Amino acid sequence: IQISVRPDRAEDLAQALTGSSKAKVMLIGLGARDTLRLEAGLCLYGSDIDETTTPVEGSLTWTIGKRRREEANFPGASVILKQIKEKPQRRRVGFISSGAPARGHTKIYDESGSSLIGELTSGCPSPSLKENVSMGYVKTAFTKNGTKVKFEVRKKMIDAVVSKMPFVPSNYFSPK
Ligand SMILES: *[C@@H]1O[C@H](CO)[C@@H](O)[C@H](O)[C@H]1NC(C)=O
Ligand SMILES: *[C@@H]1O[C@H](CO)[C@@H](O)[C@H](O)[C@H]1NC(C)=O
């Protein structure tokens with residue numbers, strides 16, 4: 001879960017959650033946070049989405065409600081609504097790869113390894129799946145689940161396949 005809290009109350013909250021001997025909450029590092037969110041297929045702002053990506057390219061079109069689409073008056077509306085209609089040139093998808101884990105900025109090639117089709121934005125070993133998972137942007141023709149691609153990792157081409165996200169089914173708390 002993610003909790004927003006006033007900066008001057010953050011320490012008190014952390015103490016309240018972890019401080020007592022009965023507490024079930026433990027502190028973990030940013031690496032674990034990154035693994036969990038990637039397994040869940042969630043974007044990290046600044047890595048997987050930033051001011052150069054649109055929600056359509058980021059596979060986040062669901063965040064644009066019906067009223068907004070109709071009113072078409074939000075920042076970037078002309079570009080974004082056109083992409084919804086005509087498909088974007090590139091889109092964010094997930095991958096499972098063989099060999100060493102592929103990280104952000106890894107170059108993605110087509111199956112033959114001859115044509116550059118995109119770049120990874122994040123990647124890590126998935127402790128839950130025991131697979132090496134990643135996400136990144138590829139040309140729209142390569143976004144279908146099961147599409148075989150190649151990653152260039154340490155000057156070697158390794159096999160990867162486009163995979164549905166979330167990699168691990170999400171189990172979010174939702175208030176009834
Ligand atoms: C994932 O990467 C690790 C290296 O950290 C490697 O040992 C392992 O074999 C890889 N997993 C798969 C399924 O290829
Ligand atoms: C996605 O493709 C894989 C093969 O790479 C297949 O095993 C899996 O069933 C597919 N999933 C969906 C939801 O189509």
Side-chain angles (χ1 to χ4, degrees), residues 1-2 25-50 52-66 69 80-174 176:
I1 62 168
Q2 200 150 30
V25 178
M26 287 188 294
L27 298 175
I28 57 165
L30 278 178
R33 193 276 310 256
D34 202 48
T35 299
L36 287 169
R37 68 94 194 164
L38 186 49
E39 287 185 340
L42 300 175
C43 292
L44 183 64
Y45 191 84
S47 297
D48 305 298
I49 46 174
D50 59 23
T52 70
T53 55
T54 69
V56 186
E57 292 167 344
S59 300
L60 297 167
T61 307
W62 60 271
T63 59
I64 308 166
K66 186 160 171 263
R69 293 183 198 203
I80 290 168
L81 293 173
K82 188 162 179 264
Q83 285 186 347
I84 292 176
K85 227 160 123 195
E86 298 172 8
K87 288 197 176 173
Q89 301 216 316
R90 58 172 185 164
R91 212 158 57 69
R92 182 179 64 92
V93 290
F95 302 93
I96 293 179
S97 59
S98 64
R103 306 288 178 177
H105 303 297
T106 294
K107 293 203 162 35
I108 310 169
Y109 291 83
D110 67 353
E111 191 183 0
S112 74
S114 58
S115 168
L116 183 66
I117 58 167
E119 194 177 288
L120 291 183
T121 50
S122 37
C124 68
S126 158
S128 308
L129 286 185
K130 313 254 184 294
E131 298 273 11
N132 295 315
V133 299
S134 50
M135 63 166 84
Y137 288 81
V138 286
K139 291 181 180 170
T140 306
F142 297 88
T143 52
K144 218 171 139 224
N145 177 53
T147 304
K148 289 181 179 150
V149 297
K150 292 269 199 292
F151 290 168
E152 188 183 342
V153 177
R154 296 189 210 124
K155 307 223 186 283
K156 263 177 53 190
M157 288 293 194
I158 63 169
D159 293 324
V161 61
V162 173
S163 170
K164 293 265 182 204
M165 290 192 285
F167 296 107
V168 176
S170 46
N171 189 16
Y172 302 132
F173 170 76
S174 36
K176 294 266 150 58

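Positions are given from 1, in the same order as the sequence printed here. Each ligand, and each atom within it, is numbered from 1 in the order the structure gives. Quantities reported herein were computed from a predicted structural model and do not represent experimental measurements.
- If you check which protein heavy atom lies closest to atom 14 (O) of ligand 1, you get Gly99 N, 3.5 Å.
- Around atom 13 (C) of ligand 2, the closest heavy atom drawn from Lys148, Lys164, Lys144 belongs to Lys164.
- Remark: minimum distance from atom 4 (C) of ligand 1 to any protein heavy atom is reached at Pro101 CD, 3.6 Å.
- For Asp159 and Ser98, the side-chain atoms include no donor-acceptor pair closer than 3.5 Å.
- Taking all atoms of both residues into account, the shortest heavy-atom contact from Ile158 to Ala100 is CD1-O, 3.8 Å.
- The protein heavy-atom contact nearest to atom 11 (N) of ligand 2 is Asn145 ND2, 2.9 Å.
- Pro125 does not count as a contact of ligand 1, since none of its heavy atoms falls under 4.0 Å from the ligand.
- For atom 5 (O) of ligand 2, the nearest protein heavy atom (residue, atom name, distance) is Gly146 CA, 3.6 Å.
- Looking at Arg92, its side chain never comes within 3.5 Å of a backbone N or O of Tyr137 through a donor-acceptor pair.
- From Thr143, atom OG1 reaches atom NZ of Lys87 across 7.0 Å, with rounding to the nearest 0.5 Å.
- Side-chain contact annotation: Tyr109 with Glu152, donor-acceptor N/O pair under 3.5 Å present.
- Between Glu131 and ligand 1, not a single N/O pair is under 3.5 Å apart.
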task = Dump the intermediate steps for side-chain hydrogen bond (donor to acceptor under 3.5 Å, both in side chains) on Ser59 and Arg91, then the final yes or no.
result = CA-CA 6 Å; Ser59 300; Arg91 212 158 57 69; 2.9 Å; yes

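- Counting only heavy atoms, the protein never gets under 4.0 Å from atom 9 (O) of ligand 2.
- In summary, the side chains of Ser122 and Arg37 do present a donor paired with an acceptor at a separation below 3.5 Å, with no hydrogens or angles considered.
- The protein reaches atom 2 (O) of ligand 1 closely, with a heavy atom under 4.0 angstrom from it.
- The two residues Ile64 and Pro55 have their closest heavy-atom pair at CD1-CB, 4.0 Å.
- Ligand-side atoms of ligand 1 in range of Asn132: 1 (C), 2 (O), 3 (C), 8 (C), 10 (C), 11 (N), 12 (C), 14 (O), range being under 4.0 angstrom from any heavy atom.
- Residue Lys130 approaches ligand 1 through these ligand atoms, each under 4.0 Å from one of its heavy atoms: 13 (C).
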